[in-house]
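Input: a single structure, listed below in structure tokens.
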2 protein chains.
Amino acid sequence: MAWQTFPMANSPTGESVISRVVRLMAAFDRQVPSMSLSELSQRAGLPMTTAHRLVEEMLKHGLMERDADGQLRVGVRLWELAARGSQALSLREIALPYMEDVQAAVHQYTTLAVLDHGSVLYLERLSAPDSAAKRALDAAHIAQRAPLHATSSGLVLLAYSPTWLQQEVLAAPLEKVTEETITDPPTIRRHLAEIRQRGYAALPGIAVKGWTGIAVPVFSSGNTIAAALNATVPSGETNVPFTVPALLTAAHGISRALGAGAPSGPRRR
Amino acid sequence: MAWQTFPMANSPTGESVISRVVRLMAAFDRQVPSMSLSELSQRAGLPMTTAHRLVEEMLKHGLMERDADGQLRVGVRLWELAARGSQALSLREIALPYMEDVQAAVHQYTTLAVLDHGSVLYLERLSAPDSAAKRALDAAHIAQRAPLHATSSGLVLLAYSPTWLQQEVLAAPLEKVTEETITDPPTIRRHLAEIRQRGYAALPGIAVKGWTGIAVPVFSSGNTIAAALNATVPSGETNVPFTVPALLTAAHGISRALGAGAPSGPRRR
DNA sequence: CCCGCTTTTCCGATGATCGGAAAGCCGATA
DNA sequence: TATCGGCTTTCCGATCATCGGAAAAGCGGG
């Protein structure tokens, strides 16, 4: 999780090129997808000259691009490289049709997320047709992260993770995202047990006030947890019992497609 | 397009770290998503020691990962960085609901592609329920590239591109992907004109024998071409006239969502 | 025309990078 | 158990890419 933040400024020397490049790329996000060189150098904490040289090189390889205004953006080539190799993305590709099935049955936000480096990482999201939800649930964007303890997906992922990981997560300070966010480790443990027993999580308001996250586990070969499939519905309505079977069905389909069920998955490659 | 191939082997010195890193990442693809260090060093054309050092550093930043067997893969963190910033990906996100609409109407492979560095790059693909197509059309995978002249999407992208780009593409040698692939520049020019006039492309067998690609343009603000929306149907059937309006409707919706229509798009950011 | 801003070029010093050599490690084979 | 072969990791001296300050070159806007 070390690279999650921009900890130190530029060390005058003693830092690898790779970490500088990562800092440059991490300077971009959904809010600020393009910027000038000087802004980039500031946000990345690199001297102008260094930023200039590295950016120039990255442009040459398509890792960055200039848009019409000459502003810098992350290049498609980078996405191409990342998407071609990543297993998470092939998971997404397999899951997508099943997600559409869910979407067709329950007309709500549907997301697919994995556990990576101690947080929830959203791989895919299908949006509800109605736009009220659109505003409220803007948190769960694709390629966005969220804390494990404050999302239904996170709790499901945690519930089926090895004990050492659970302990590690619960030992760290837990942020209160909303009023309802559960931050008490023993209570969370109880919830995790309940999730494992029931096979799904349904928790009102822990991530977004007024909305209930419902999530179920997706397993891969070896029956290890691979992802969480989630739908988010307005709290208070009685659609939780309606949504859960839809998610379970889809999740089961995805798990089967991933080769779950076999006692220990076949070695890939 | 220089980075498209692995041209030269390792130059004993005089090559930037960035280009080495790109070579390492480019060594992975859909067929070989994970490999050992020694295999990686070979495929990337780097000395073992150098590969070892760089990989170690990349692992630290999450750009690569080790799977259960200790094999190396591309890390999700890389995808996260790429997806957060890339404009192409936000285009994908906007287009997805419309693609689902198309998918619901015509039950065929539906893809979204952009023109990048002289080739077609597929951003998204929704697969047809039937699995016959699945095998035949495995070419148009997500994050995969295809030549501009040998796909319906490519020809649409080319038709609405500036003339200098068309000339550049047509000047290069054009590969014959199938029997039907058109490789004669004047003929292609005629097709491009026809595409512009009709507003869509429908060409049988140029990419995959027995299948007809149908593609329409998607415009962004400033009415410049942003992407191509495509559906692929079995040749010979009479479903082309059925598919075209569905694609046009969806493409129009996406274009509107992207801010097309205004004479010159508002400056972003 | 001038001013403030961003971008680009220049260049000397320096330490990260390079990669050969060799040691470790591990599983397979005898 | 001993030997072998392949893969991985450590070590280390030479060197060259990298670093970043300084200054020049663009680029609007007033």
Side-chain angles (χ1 to χ4, degrees), chain A residues 3 6 8-25 27-28 32-61 63-75 264 267-269, chain B residues 2-3 6 8-25 27-28 32-61 63-75 264 266-269:
Chain A
W3 39 259
F6 301 116
M8 55 194 173
N10 172 28
S11 78
T13 176
E15 193 188 16
S16 75
V17 175
I18 290 178
S19 93
R20 286 176 148 100
V21 167
V22 170
R23 286 236 296 287
L24 284 172
M25 297 197 298
F28 296 90
V32 189
S34 70
M35 63 186 83
S36 71
L37 176 62
S38 55
E39 187 177 351
L40 176 56
S41 82
Q42 281 189 331
R43 289 176 62 109
L46 292 173
M48 270 286 294
T49 322
T50 302
H52 179 263
R53 180 169 28 82
L54 291 178
V55 165
E56 208 63 34
E57 183 77 20
M58 292 170 77
L59 284 168
K60 225 181 350 198
H61 291 275
L63 305 186
M64 281 197 187
E65 290 169 0
R66 305 203 103 105
D67 64 14
D69 312 351
Q71 301 258 295
L72 296 165
R73 343 176 95 269
V74 175
S264 176
R267 287 272 167 270
R268 272 152 285 150
R269 228 202 140 238
Chain B
W3 38 259
F6 301 117
M8 54 194 174
N10 171 28
S11 77
T13 177
E15 194 188 15
S16 74
V17 174
I18 290 178
S19 94
R20 286 175 147 100
V21 167
V22 170
R23 285 239 295 286
L24 284 171
M25 297 197 298
F28 296 90
V32 190
S34 69
M35 62 186 84
S36 71
L37 176 63
S38 56
E39 188 176 351
L40 176 57
S41 82
Q42 281 190 330
R43 290 177 60 109
L46 292 173
M48 270 286 293
T49 323
T50 301
H52 178 263
R53 181 169 29 82
L54 292 177
V55 165
E56 208 63 34
E57 183 76 20
M58 292 170 77
L59 285 169
K60 229 185 339 202
H61 291 276
L63 304 185
M64 281 197 186
E65 290 168 2
R66 306 203 101 104
D67 64 13
D69 312 351
Q71 300 257 296
L72 296 165
R73 343 176 95 271
V74 176
S264 177
R267 288 272 166 270
R268 275 150 283 152
R269 233 200 134 243

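Remember, predicted model here, so these are calculated numbers, not experimental data. Just so we're on the same page: letters track the sequence lines, and every chain starts at 1. What you see below is based on every heavy atom in this structure, not just the backbone, and it leaves out hydrogens, waters and symmetry mates.
- Applying the salt bridge (charged side-chain N to carboxylate O under 4.0 Å, His left out) criterion to A/E57, with sequence neighbours excluded, gives A/K60.
- Among all heavy-atom pairs drawn from B/M35 and B/Q71, the shortest one is CA-OE1, 3.5 Å.
- Of the possible donor and acceptor atoms, none in the side chain of A/R73 sits under 3.5 Å from a partner among the backbone N and O of A/E65.
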Find every protein N or O atom lying less than 3.5 Å from an N or O atom of nucleotides 8-10 of chain D, and list the pairs.
unit_1	atom_1	unit_2	atom_2	d
D/dT8	OP1	B/L37	N	3.3
D/dT8	OP2	B/L37	N	3.3
D/dT8	OP2	B/S38	N	2.7
D/dT8	OP2	B/S38	OG	3.1
D/dT9	OP2	B/H52	NE2	3.4

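- A sub-4.0 Å separation between OP1 or OP2 of C/dA16 and a side-chain N or O of A/R20 is absent.
- Considering every non-hydrogen atom in both B/F28 and B/L72, the closest pair reads CE2-O, 3.2 Å.
- As rounded to whole Å, 17 Å separates atom C1' of D/dC19 from atom CD1 of A/I18.
- From one end of the helix from C/dC1-D/dG30 to C/dA30-D/dT1 to the other, with five pairs defining each end axis, the axis direction shifts by 40° (rounded to 10°).
- Nearest to the side chain of A/T50, among D/dC19, C/dG19, D/dT18, sits D/dC19.
- Between A/L46 atom CG and C/dT6 atom P there is a gap of 17 Å when expressed in whole angstrom units.
- D/dT18 atom C1' lies 16 Å from atom CE of A/M58, rounded to whole Å.
- Taking atom CD of residue A/E57 and atom C1' of nucleotide D/dT18, one finds them 11 Å apart after rounding to whole Å.
- Counting all heavy atoms, side chain and backbone alike, A/L54 lies closest to B/I18 at O-CD1, 3.8 Å.
- As a whole-Å value, the separation of A/L24 CG from D/dT18 C1' is 14 Å.
- In this structure, A/R53 atom CZ and C/dC11 atom P are separated by 16 Å, rounded to whole Å.
- Closest non-hydrogen pair, A/R23 versus A/G45, comes out as NH2-O, 3.4 Å.
- To the nearest angstrom, P of D/dC7 lies 13 Å from CG of B/L72.
- When all heavy atoms are compared, the tightest approach of A/V22 to B/L63 is CG2-CD1, 3.9 Å.
- For the pair A/M48 and A/S41, the tightest heavy-atom approach, listed with the atom from each and the gap, is SD-OG, 3.6 Å.
- To the nearest 0.5 Å, atoms CZ (B/R43) and OG (B/S38) are separated by 12.0 Å.
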